[in-house]
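First up is the structure itself, then whatever we jot down about it.
Only heavy atoms go into these numbers, but all of them, side chains included; no hydrogens, no water, no symmetry mates.
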Amino acid sequence: MKLNHLNLIVEDVESSRQFLETYFGMTCVGSKGKGFAAMLDENQFVLTLMKGKDVKYPKTFHIGFPQESREKVDQINKRLKNDGYKVDPPVEAHGYTFYVKAPGGFTVEILSE
């Protein structure tokens with residue numbers, strides 16, 4: 001059995017979509033105005049984004065994008081920082097990892113093992 005989709009409620013669908021396309025290679029495969037977008041990754045996982053108000057996820061809620069190497073984690077960290085996102089340097093925890101708050105109100109983890 002495998003998980004094939006997840007729906008996130010976000011404050012801004014367009015900025016969330018652009019963030020996922022720009023930094024994580026996801027592709028928008030369908031949308032309805034500014035209120036809905038369906039994103040697809042290279043493994044055919046579907047992430048849908050739906051507009052909501054006052055979005056508040058639990059403190060530890062996040063989605064993760066595993067990377068093939070520490071160098072790739074460092075590259076994404078540097079790119080996000082250069083583009084103005086508040087990110088701490090990666091640390092060794094349950095992998096080589098860091099977190100970033102995405103536009104729209106959710107948190108993303110980037111890690112390698």
Side-chain angles (χ1 to χ4, degrees):
M1 188 176 306
K2 80 177 192 178
L3 181 66
N4 74 347
H5 73 275
L6 175 69
N7 181 69
L8 293 178
I9 304 302
V10 297
E11 295 168 353
D12 185 334
V13 171
E14 289 186 51
S15 64
S16 298
R17 177 189 56 78
Q18 290 172 351
F19 178 80
L20 293 166
E21 289 173 331
T22 300
Y23 299 102
F24 303 104
M26 296 195 80
T27 303
C28 182
V29 294
S31 63
K32 291 184 182 178
K34 295 182 179 186
F36 175 83
M39 309 295 297
L40 194 64
D41 75 4
E42 62 189 23
N43 297 311
Q44 306 305 305
F45 181 83
V46 178
L47 178 65
T48 56
L49 307 171
M50 296 180 78
K51 184 167 180 60
K53 292 183 181 181
D54 301 320
V55 176
K56 295 201 184 339
Y57 285 103
K59 186 175 181 177
T60 59
F61 177 85
H62 63 279
I63 62 173
F65 288 94
Q67 302 300 309
E68 65 274 358
S69 68
R70 293 169 64 102
E71 291 76 23
K72 185 69 175 168
V73 172
D74 288 334
Q75 288 172 359
I76 295 170
N77 183 273
K78 182 177 180 182
R79 185 172 179 205
L80 285 163
K81 189 171 195 158
N82 289 344
D83 288 350
Y85 288 93
K86 184 178 182 245
V87 292
D88 291 326
V91 297
E92 195 65 56
H94 51 279
Y96 188 64
T97 184
F98 73 95
Y99 296 84
V100 62
K101 186 74 152 192
F106 60 98
T107 299
V108 174
E109 179 182 18
I110 298 89
L111 75 153
S112 72
E113 293 188 21

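Ring pair Tyr23/Phe19 is tilted by interplanar angle, where 30° to 60° counts as tilted. The aromatic rings of Phe24 and Phe65 lie parallel to each other, their planes meeting at an angle below 30°, with 60° marking the opposite boundary.
Considering all non-hydrogen atoms of both residues, Pro103 and Ser16 come closest at O-OG, 2.6 Å. Residue Asn77 comes nearest to Asp88 through the heavy atom pair ND2-O, 2.9 Å, listed as atom of the first residue, atom of the second, then distance.
The backbone N or O of Lys101 lies less than 3.5 Å from no partner atom in the side chain of Thr107, so there is not a single donor-acceptor pair. Side-chain atoms of Tyr57 come within 3.5 Å of backbone atoms of Ile9 as a donor-acceptor pair (strictly under, hydrogens ignored). Judged purely by atom type and a 3.5 angstrom limit, Asn4 has no side-chain atom pairing as donor or acceptor with the backbone of Val46. Here the side chain of Asn43 pairs no donor or acceptor atom with the backbone of Phe45 at under 3.5 angstrom.
More than 12 heavy atoms of other shown residues, nucleotides or ligands fall within 6.0 angstrom of atom CD in Glu21. Counting non-hydrogen atoms of neighbouring residues, nucleotides and ligands closer than 6.0 angstrom, the CD atom of Glu92 exceeds 12 such neighbours. The environment of Asn82 atom CG is dense: over 12 non-hydrogen atoms of other residues, nucleotides or ligands sit within 6.0 angstrom.
Between atom CD of residue Glu11 and atom NZ of residue Lys51 there is a gap of 8.0 Å, rounded to the nearest 0.5 Å. Expressed to the nearest 0.5 Å, how far OH of Tyr99 lies from NZ of Lys86 amounts to 15.0 Å. One finds the CG atom of Leu20 at 5.5 Å from the CD1 atom of Ile63 (value rounded to the nearest 0.5 Å).
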Check against side chain to side chain contact (heavy atoms under 4.5 Å, CB included), Leu8 and Leu47: CA-CA 7 Å; Leu8 293 178; Leu47 178 65; 3.9 Å; yes
